[in-house]
Amino acid sequence: MRAEHGDFRPIWKAGPRLMGLGRGLLDLLLPPTSLDGEAAISGGLSAGAFSKITFLDDPVCDGCGLAVAYADAALERCPACQAKPRAFQRARAACVYDEHSRDLVLKLKHADRADLAGLFARWLSRSGADLLAEADAVVPVPVHRARLLSRRYNQAAEIARPLARMAGLAYLPDALVRQRDTASQGGKSASGRQRNVAAAFAVPASRRSRVAGRRIVLIDDVLTTGATAEGCARALLKAGASRVTLSVVARVTEMRARPI
């Protein structure tokens with residue numbers, strides 16, 4: 001089966017799309033309900049659940065998407081970004097990663113709720129509008145093939161596909177590969193996360209022509225220390241990308257143990 005932008009996907013990988021289609025047909029027969037059992041108003045969220053999401057609006061640090069106190073600070077970038085510039089040039093997050101957004105992210109990641117990808121894509125189309133306006137293509141953070149077999153889909157790719165369609169950008173699902181099956185980043189320190197993903201990502205030689213000279217928006221679900229995004233951005237830049245920016249669903253603001 002062939003998808004848009006040259007994305008060749010085996011039939012077994014079409015599961016999330018078929019699941020989404022099935023839920024869409026069911027919604028025509030029965031009124032949709034939200035994740036918390038009330039009437040849905042926004043892509044599966046009730047008014048109460050939607051109001052609990054802490055969306056990240058300006059001003060935010062232009063380098064990492066962290067909320068800052070005033071607009072001038074966003075222009076200057078936060079102290080962490082000033083002290084250590086990142087491989088990705090700019091970053092935006094739709095919301096804060098907390099007890100309210102975490103459950104939604106984990107449902108997409110581990111509970112086969114691929115229908116949430118469309119909701120997150122709409123959030124990213126808003127929070128990352130500036131990045132998308134300056135981009136040529138959208139690339140998801142890859143999942144190692146061993147993990148893909150157990151999880152059945154890559155949550156970043158499920159978000160990136162509809163987002164690219166909304167923004168009218170090329171969707172490059174296989175531009176990046178994860179060369180080794182790294183351990184979970186959860187519970188690791190910033191330096192531990194960097195070591196864990198060191199040299200884990202690469203652009204295959206056959207895909208470099210699709211990356212070279214292009215402005216790429218990298219898509220992921222959660223930004224913690226930025227180690228994974230940093231590894232991906234370095235691989236894309238090495239392959240000739242002219243610039244890499246980052247758009248994520250949620251931004252961790254407190255470095256304490258949370259399941260991701």
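If you're wondering where the values come from, they're calculated on a predicted model, not measured in any experiment.
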Do His100 and Thr54 touch side chain to side chain, with heavy atoms closer than 4.5 Å? no
Among residues at least two apart in sequence or on other chains, which ones pass ring-ring contact (aromatic ring centres under 6.0 Å, His included) with Phe88? none
Once side-chain hydrogen bond (donor to acceptor under 3.5 Å, both in side chains) is applied, do any residues pair with Asp136, and if so which ones, sequence neighbours excluded? Arg215
Working to the nearest 0.5 angstrom, can you tell me the gap between Cys232 SG and Leu237 CG? 11.0 Å
Answer yes if Leu172 and Met166 sit in the same cluster of Ile, Leu, Val, Met, Phe, Trp and Tyr residues linked by side chain heavy atoms under 4.5 Å apart, and no otherwise. no
Taking the side chain as every heavy atom from C-beta outward, state whether Ile219 and Val139 have any atom pair closer than 4.5 Å. no
I need the minimum non-hydrogen distance between Arg92 and Cys61, along with the two atoms involved. NH1-O, 3.7 Å
Salt bridge (charged side-chain N to carboxylate O under 4.0 Å, His left out), that's the test. Do Asp98 and Lys52 meet it? Break it down for me. CA-CA 10 Å; Asp98 58 16; Lys52 293 177 182 177; over 6 Å; no
Please check if the side chain of Ser242 supplies one atom and the backbone of Arg214 the other of a donor-acceptor pair under 3.5 Å. yes
Is any side-chain heavy atom of Cys95 less than 4.5 Å from a side-chain heavy atom of Arg251? no
Looking at OG1 of Thr225 and CZ of Arg86, how far apart are the two atoms once the value is rounded to the nearest 0.5 Å? 7.5 Å
Side chains of Leu176 and Val203, heavy atoms from C-beta outward: is any pair under 4.5 Å? yes
Starting from the C-alpha separation in whole Å, work towards a yes-or-no answer on side chain to side chain contact (heavy atoms under 4.5 Å, CB included) for Val96 and Leu56. CA-CA 7 Å; Val96 170; Leu56 283 167; 3.8 Å; yes
About how many Å separate NZ of Lys109 and CG of Asn154, when rounded to the nearest 0.5 Å? 9.5 Å
State whether the side chain of Gln82 and the backbone N or O of Arg77 hold a donor-acceptor pair below 3.5 Å, judged by distance alone. yes
Could you please spell out the steps behind the side chain to side chain contact (heavy atoms under 4.5 Å, CB included) verdict for Thr245 and Ile216? CA-CA 6 Å; Thr245 56; Ile216 304 292; over 6 Å; no
Contact list for residues 222-237, test salt bridge (Lys or Arg N to Asp or Glu O under 4.0 Å), sequence neighbours left out: Glu230-Arg234
Taking every heavy atom of Leu218 against every heavy atom of Ala229, the minimum-distance pair comes out as CD2-O, 3.8 Å
Atom NZ of Lys107 and atom CZ of Arg113: how far apart are they, to the nearest 0.5 Å? 6.5 Å
Smallest heavy-atom separation, Ser206 atom then Ser209 atom, equals O-OG, 4.4 Å
Is Val177 linked to Tyr171 within one hydrophobic cluster, defined over Ile, Leu, Val, Met, Phe, Trp and Tyr using a side-chain heavy-atom separation of less than 4.5 Å? no
Do the non-hydrogen side-chain atoms of Ile159 and Leu108 ever get within less than 4.5 Å of each other? yes
Verdict with reasoning, Val248 to Asp221, per side chain to side chain contact (heavy atoms under 4.5 Å, CB included): CA-CA 5 Å; Val248 301; Asp221 51 3; over 6 Å; no
Determine yes or no for a side-chain-to-main-chain donor-acceptor pair under 3.5 angstrom, with Ser247 supplying the side chain and Gly128 the backbone. no
Main chain of Leu106, side chain of Asp103: is a donor-acceptor contact present, judged purely on distance under 3.5 Å? no
Heavy-atom nearest pair, Phe201 first then Ala235, reads O-CB, 3.7 Å
Apply the test side chain to side chain contact (heavy atoms under 4.5 Å, CB included) to residues Arg102 and Tyr97: give CA-CA distance (whole Å), side-chain angles for both, the deciding distance (0.1 Å), then the verdict. CA-CA 6 Å; Arg102 180 177 69 247; Tyr97 189 75; 3.0 Å; yes
Closest heavy-atom contact between Val141 and Ala156? O-CB, 3.7 Å
Closest non-hydrogen contact found for Tyr153 with Asp112 is OH-CA, 3.3 Å
Should Pro173 and Arg161 count as side-chain neighbours, where that means a heavy-atom distance under 4.5 Å? no
Output yes when a side-chain donor or acceptor of Arg243 lies under 3.5 Å from a complementary backbone atom of Glu134, and no otherwise. yes
Parallel, tilted or perpendicular: rings of Trp123 and Phe50 (30°, 60°): perpendicular
Do Leu163 and Ser125 touch side chain to side chain, with heavy atoms closer than 4.5 Å? yes
What about Leu131 and Leu66, same hydrophobic cluster or not, with Ile/Leu/Val/Met/Phe/Trp/Tyr joined at side-chain heavy-atom distances under 4.5 Å? no
Report yes if some heavy atom in the side chain of Ile53 is under 4.5 Å from a heavy atom in the side chain of Leu104; otherwise report no. yes
